[in-house]
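Throughout, protein chains are lettered first and strands after them, A, B, ... in sequence-line order, and every chain is numbered starting at 1. Every value quoted in this text rests on a predicted model; they were computed, and no experiment measured them.
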Amino acid sequence: MTTGTRPAAGALAGYGVAAVVVGLGTAGVVFSLGLGTGTLSDPAAGTWPLFVSSVLTVLGLALALTARSTNDAERFVPASLKVLVGLGTLLVFALLVGTVGFEIPAVVLAFVWLRFLGRESWRVSIVGGVAMVVAFYLVFVVALRVTIPHLF
Amino acid sequence: MDSFTPVLDGFAVVLQPTNLLYCLVGVLVGMFVGVLPGLGPAATIAILLPLTFDVEPVTAIIMLAGIFYGAQYGGTVTSVLLRLPGEASSVVTVFDGYALARQGKAGTALGIAAIGSFVGGTVSIIALTFLAPVVASFALDFGPPEYAVLAVLGILLVATVSNGGRLKAVVAATVGLLLATVGRDRFSGAERFTFDSLSLADGLDFVPIAMGLFGLGEILYNLESRDGPLRPPAKIANVWPSGQDLRRSTGAIGRGSVIGFVLGILPGGGAVLSSLAAYAFEKRRAKDPSRFGKGAVEGVAAPETANNAAATSSFIPLLTLGIPANATIAVIFGALLIHGVTPGPQLVDEHPELFWGVVNSMYIGNILLLVMSMPLVGVFVKVLRVRTSILAPITVLITLIGVYTVANSTFDILLVCVFGVLGYLMKKFGFEPGPLLLAFVLGSLLESSTRRSLILFDGDVTGFLTRPISGTLVAVLVVVLLLPLVARLRRGGAAPPAVETDDTAPAADRAPVKPRA
Amino acid sequence: MRRTIVTGVRGAATASVVVLALAACGGNLGTAGGAGGDFPDGPVTVVVGQDPGGSTDLIGRAVAELASDELGVALPVENRPGANGAVASQEVADSEPDGQTVLVLNASLIAITSLVSPDDAVSLDDFTIITGISRDDYVLVTHPESGLATLGDIAASGQTLDFATTGVGTGSQLSQQLLFHQMGVQGNDVPFDGGSPALTAVLGKQVDVASIQLGEAYPQIEAGELVPLVVFSPERNEYLPDVPTAVEEGYDVPVAQYRALAVPAGTPDATVEALRSAFEAAFADQGYQDFNEQALLTPHEVSGEQVVEEWTAAKEKYESIVEEYDIDLGAAG
């Protein structure tokens, strides 16, 4: 990474993270109580999750206490939108692979990543995208007979 | 030397040209397979089974065993180069292996891994030959209580392998433990956090979580930084480990061999625990533990040696008791059934050439790997010359196709996306994925072993102390917990606290934003 | 940024049209060619609801390999593990009823799993059974130092025995729960994750007894490291002729793992018939019969109707016994 240090997020992010952790822990506690808590000598389905989520809740509170003094989170920047685009191509792949096979979604994904997320030239993106998928097809479908859905 | 004759006969079997050729083919196929995380050796062996119907059982098994260790090395290659650990036992390798690769020292990491694997395998096979009957009962003496204490020890070690803030590492590990409870409870059948989804009934699989947190999370994170000038490909500093690297790793390889051999005997969890324990041990011994996680060669040497030593000693339960130690060996012995040989405790007596042929083929496979990796390391490190913008979509496709093959399910593709986002967010907010993943792996071992123990003890918790092995392990546990505490008291209380006291330790968490060079 | 993405989508759309135009057959996607087409139309996928390497998987592979010669197309095996096979069953039940997707179905999923997890009970109504395959017996074993050699010893022991099962809602658990309740002996139900760990626990004397599938325990029985007490099959097992059945001993515990091949309900009769004759040809193969012997399976190649009858009867029987003795399979301990 040549861009150097990324902007720090500040205490607010720390509180946000702590809130998420506390929320997760509390949800876990509520769920576990519903499963039956048992006892230490005769545990039920909820005993261990209850213990773990209680610890998590306490740890979340500890995070909140330290949020002001820690400074290791990063702020979201405009470039973070690229992450959403990348994620979008993954989801498209996941949703289509079962019905149209992996080849077309894979070409699309590789192309978007090369051209728009990687700033490669059009030629590199098109040739590269297709070449990657052909290579995958030859190695995994033809040679190794992997059971991924494929159109061809 | 009676016990040694069949071993030598086994070598004679393996060294027949046909068998050697099949061994080579198996290793090569395995290396390709290992690149696809999730496909895994067990599934590949099952797929390729029909190809072996026309050859001798020994030859077939040698080829299948070749796939097994070839895949292990292939997994190491992707862990180091792409940050994709395909198996639980190579998670620890990622920490320093990937850091080394980023510094242009992928060759060092891969070279040391190959050498460590070779030495670990060698030590283990010699120990197996002479000690198998003596240590066999060790596996049987390990009941649920022993596994429970071992899992607690493992989870404590998890906290020591991380580098960032201690509190955040403990939070991540606790989330890992919570994730391990997802799925149908194995004692009551109750649904836990499954939201009525059948896909979650068996819980979360290791592969999508590992691929998401490590591989995909890292790629998504790096997308952000490409607004500036493109990151130049890493300089290739060296292809081979230097003399200094080798000297540094000698001790780690030696200790890793022993740890791997001992823990590998335990069916269930042995390989993961051995790589974790070997890494933690090196880190604790090191004069400057802060080097770990930033590209310490010992951090690659120790776990890679240990997991290979463990892979070899995991044959001991099979040799002496007829119990397959892991899924891959189970498939290999399923293959034996199809070839008309019944595996079991009498296999060694009835078909010594077959048994030792397989074990020795693993050894020969190690040599083949070492020989092949010399030219191949040069090829592999060239991967790092590829621009990130091109490498990223390749890695993404490997990940997506790989996780699909775990259970032939698109659900796992969605899951890897979810964990990719989590990995990205964790990195943004200063959490490391390692503790989460390792705690996830050990979590179900801990819970089920503990509950099984309590059923056996009729709820009497003191049972853990009265059994000789678990009692000893509890003592070790207490020492591990108290040592840093005592050390800190003597130094005046400035060091980071141990795990248990972490939730009251605000001061420990002051790691600044990492300046990423 | 938005503009470039739109262009990207358009570019991709053009690309995919080109690709589609070039499309030839050879993919493995469910081709919805419609009914009336010739069967088989391309490879027939054999779906296994368990991991590779287990007995269900090996049986599926052995049968598929041989049936492929008869059908003239490949029969690739696809493992789709999850929820004891319920995931795979649901997937096959929802697939096109054209015979291109075949399921290896375990009786335990129909008759036993529903006792623990009613939610993923699989109904036989969703399937047409092609044929039964074989029976896999459970045997109750102990280690030689336990001092137990017969069921009588268990009854006379007068203490609480720890018994290992291969998991909740398995035949292993059901057989032991039924047996202990009918004998009136106190038992501690200790679930393990599968056959190997349960086997290890008995060998290591961590538990007193375990009910394990014969294929897994047989080598240890042969080697004298485990003592067989009783088999749970309806009649004596041909591989263990000297071991009595639970029924002979006076306990109503007929539990065994049966397997069958199934297609989604609504598959044309002619297609089911074509599959049946292909699998029957596989059953007749000497190599397959040798495999059965190696894996200690008892052939049970009965008609689809008989499978439905037997499995439905077993389900009803288990439900009534479990109710009679007030057994809760979900409460380990």
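- At a threshold of 4.5 Å between non-hydrogen side-chain atoms, the residues L179(B) and L436(B) count as touching.
- Residue contact with chain B, scored on non-hydrogen atoms closer than 4.5 Å, involves the backbone and the side chain of I148(A) alike.
- Between the CG atom of L391(B) and the CD1 atom of I219(B) there is a distance of 7.5 Å, given to the nearest 0.5 Å.
- A side-chain donor-acceptor contact under 3.5 Å links R115(A) to the backbone of E120(A).
- For the options T450(B), V175(B), L216(B), L400(B), heavy-atom pairs under 4.5 Å to chain A are most numerous at L400(B).
- Side-chain contact between W113(A) and M132(A) is absent, with no heavy atoms from C-beta onward closer than 4.5 Å.
- For the options T410(B), L414(B), I390(B), heavy-atom pairs under 4.5 Å to chain A are most numerous at I390(B).
- Contacts of A135(A) with chain B are absent, with no heavy-atom separation under 4.5 Å from either backbone or side chain.
- By the 4.5 Å heavy-atom criterion applied to side chains, I104(A) and L96(A) are not counted as neighbours.
- A salt bridge between R102(B) and E218(B) is present, with a side-chain N of the basic residue lying under 4.0 Å from a carboxylate O of the acidic one.
- With respect to chain B, the highest number of heavy-atom pairs below 4.5 Å among L95(A), V77(A), L109(A) belongs to L109(A).
- Among P49(A), A94(A), G36(A), A13(A), the residue making the largest number of heavy-atom pairs under 4.5 Å with chain B is P49(A).
- For a residue to count as touching a neighbouring chain, one of its non-hydrogen atoms must lie under 4.5 Å from one of that chain's; by this rule L35(A) touches chain B with the side chain only.
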Checking L425(B) against V421(B) for the side chain to side chain contact (heavy atoms under 4.5 Å, CB included) test, could you report, in this order, the C-alpha distance in whole Å, the side-chain angles of both residues, the deciding distance, and whether it holds? CA-CA 6 Å; L425(B) 291 175; V421(B) 173; 4.0 Å; yes
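- The residue among F102(A), F93(A), F51(A) with the most heavy atom pairs within less than 4.5 Å of chain B is F93(A).
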F136(A) vs L397(B), test: side chain to side chain contact (heavy atoms under 4.5 Å, CB included). Steps then yes/no. CA-CA 9 Å; F136(A) 271 96; L397(B) 287 177; 3.7 Å; yes
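- Considering OG1 of T399(B) and CG of L90(A), their distance stands at 9.0 Å, rounded to 0.5 Å.
- Annotation: maximal heavy-atom pairing with chain A below 4.5 Å, among V396(B), V29(B), V461(B), D458(B), occurs at V396(B).
- Ring geometry, F429(B) versus F76(A): the interplanar angle exceeds 60°, so the pair is classed perpendicular (tilted spans 30 to 60°).
- The interface of residues 16-26 of chain A with chain B, defined by heavy-atom distances below 4.5 Å, comprises V17(A), V21(A), L24(A).
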